[in-house]
Each structure stands twice: as C-alpha cells, then as structure tokens.
Amino acid sequence: MSQGVRIRDIEPGDEAVWRELWAGYLAFYGASLPESTTASTWSRLFDPDVPFGSILASRDGEVIGFANFVLHPFPWSDKPACLLHDLFMRPDVRGGGTGRALIQHLIDRGKHDGWDRVYWLTKGDNATARRLYDTFSPADGFIRYKVALT
Ligand SMILES: CC(C)(COP(=O)(O)OP(=O)(O)OC[C@H]1O[C@@H](n2cnc3c(N)ncnc32)[C@H](O)[C@@H]1OP(=O)(O)O)[C@@H](O)C(=O)NCCC(=O)NCCS
C-alpha cells in the first residue's frame, strides 16, 4: 500500500468530500447528473437494503480519493460479485499509489468476506487507468453494449 494512505468506509459526515470527488469524477467523464440523482446515490450508500458501498482514501487526515462499488448476486456463483463502479483520485495526488491501494482494499475485503470476484470497466483509451489495472489482471476482452432507457 502507498505510504501513509488510510482506507476506510464512508461515513455520513463525509458528504461534502464525497460530493467533491463525485463531481470531479463526473467532470472527468464529461457527464452531468441531476442533483436529485446525486442526493439519492449519496443516501443509498447508507441504506442497508441497497448493496452500494464507498471507501475513502486519506492521507494526513485529508480525503484524496474514493471508490464506489456495488455488491450484487452473481448467477455464476453462490457468492456475490463486486463491481467497482467509480474510482477517482484528486488530480494532485495521482501516481502516488492511492488508486492501487483502494483496489487492493476491495480485493482483500472480498477474500475475507467470500466474494466471487472484484471487477470493473474502463474506457479503452484510458491509458493511465489501464496501466494500473493491467498490474492486477489482464483485461478479459469483454466489450460493453448499452441501450439507454431514460
Ligand atoms: C486512474 C486513477 C484512479 C489511478 O489512481 P492513482 O492513485 O493515480 O493510481 P496509482 O498511483 O495507484 O497508480 C499506479 C500505477 O498507475 C500508473 N499511473 C497512474 N497514474 C499515473 C500518473 N499520473 N503518472 C504516472 N503513472 C501513473 C503507473 O503505472 C502506476 O504504477 P506504479 O505505481 O508502479 O508507478 C487516477 O489517475 C484517476 O482518478 N484518474 C481520473 C479518473 C479515472 O480515470 N478513473 C478511472 C475510471 S475507470
């Protein structure tokens, strides 16, 4: 793990910093969402009936990155699968091992809690992220199709 980086579960008091990272992540993708969606996603992170989770990375007490994930039933196993949905580091800390630490944290948690797998998607041209991801596993060749319904 990166020097001095602490990983922990999100807490209700983290709303401002989570929203800041969320906004940065959406901007990275050139996406915008209604405030009602962001508010709903935030509140569902703490709904025991919704299998969302978020972990935060901090250094010297300051939050510098997050990973949002979904733990879902998986038809190919009796164990759940974890979709790492959103991964984002503050621009000024990139390249310092924080993204690696967040992914490794989910992998370690999954081993401990009996998940079948941790998996994620990225854009084919996100070379920076793929340099990191390729150190965990080669990409498996699946290509995403999407039909937007809203
Ligand atoms: C992709 C991202 C999450 C990686 O987080 P990070 O904390 O910068 O990544 P790390 O420092 O753990 O990266 C480790 C590896 O990735 C590569 N890497 C990542 N960012 C780098 C940078 N700015 N400069 C050089 N190498 C970099 C290196 O190969 C590095 O390997 P090393 O530790 O052996 O040198 C971060 O760059 C980010 O938030 N990017 C914008 C949003 C994004 O692309 N999210 C992922 C969408 S799927």
Side-chain angles (χ1 to χ4, degrees), residues 1-11 13-35 37-46 50-74 76 80-113 115-150:
M1 185 188 286
S2 165
Q3 273 311 75
V5 171
R6 176 174 173 245
I7 311 288
R8 64 169 172 83
D9 281 324
I10 194 129
E11 295 166 2
D14 296 315
E15 180 168 4
V17 75
W18 181 89
R19 277 176 172 267
E20 203 177 302
L21 294 165
W22 179 247
Y25 183 70
L26 295 181
F28 176 79
Y29 277 116
S32 67
L33 290 174
E35 161 56 26
T37 303
T38 293
S40 161
T41 300
W42 167 255
S43 73
R44 283 181 293 162
L45 287 172
F46 302 97
V50 177
F52 285 180
S54 184
I55 51 176
L56 300 182
S58 57
R59 188 182 284 142
D60 301 327
E62 204 180 340
V63 173
I64 53 177
F66 77 170
N68 300 321
F69 60 94
V70 184
L71 196 63
H72 63 83
F74 182 46
W76 283 19
C82 176
L83 170 58
L84 165 54
H85 201 277
D86 316 305
L87 181 69
F88 185 78
M89 260 20 76
R90 252 180 26 197
D92 58 307
V93 304
R94 290 183 192 160
T98 318
R100 184 187 300 288
L102 281 162
I103 295 173
Q104 190 60 51
H105 183 93
L106 279 184
I107 292 169
D108 292 344
R109 185 181 294 193
K111 284 182 183 161
H112 181 267
D113 290 356
W115 303 347
D116 182 88
R117 62 186 59 192
V118 175
Y119 70 103
W120 58 93
L121 305 164
T122 195
K123 291 187 91 171
D125 64 359
N126 192 341
T128 302
R130 293 189 65 186
R131 270 209 308 276
L132 169 62
Y133 301 162
D134 285 346
T135 66
F136 285 92
S137 167
D140 65 9
F142 277 77
I143 302 204
R144 185 175 78 157
Y145 290 82
K146 178 177 86 172
V147 177
L149 302 179
T150 57

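Atoms within a ligand are numbered from 1 in the order they appear, just like the ligands themselves.
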Under 3.5 Å donor-acceptor, Arg117 side chain and Cys82 backbone:
no
In the structure I gave you, are the side-chain heavy atoms of Phe69 and Ile55 within less than 4.5 Å of one another anywhere?
yes
Hey, are the side chains of Gln104 and Ile107 touching, using non-hydrogen atoms and a 4.5 Å cut-off?
yes
Taking non-hydrogen atoms within less than 4.0 Å of ligand 1, which protein residues qualify?
Phe28, Tyr29, Leu87, Phe88, Met89, Arg94, Gly95, Gly96, Gly97, Thr98, Gly99, Arg100, Leu121, Thr122, Asn126, Thr128, Ala129, Arg131, Leu132, Tyr133
Return the set of residues passing side-chain contact (heavy atoms from CB on, under 4.5 Å) with Glu35 (not counting sequence neighbours), or none when no residue passes.
Arg19, Thr38, Ala39
Do the ring centers of Tyr119 and His72 come within less than 6.0 Å of each other?
yes
If you measure from CG on Leu87 to CG on Leu132, what distance do you get to the nearest 0.5 Å?
7.5 Å
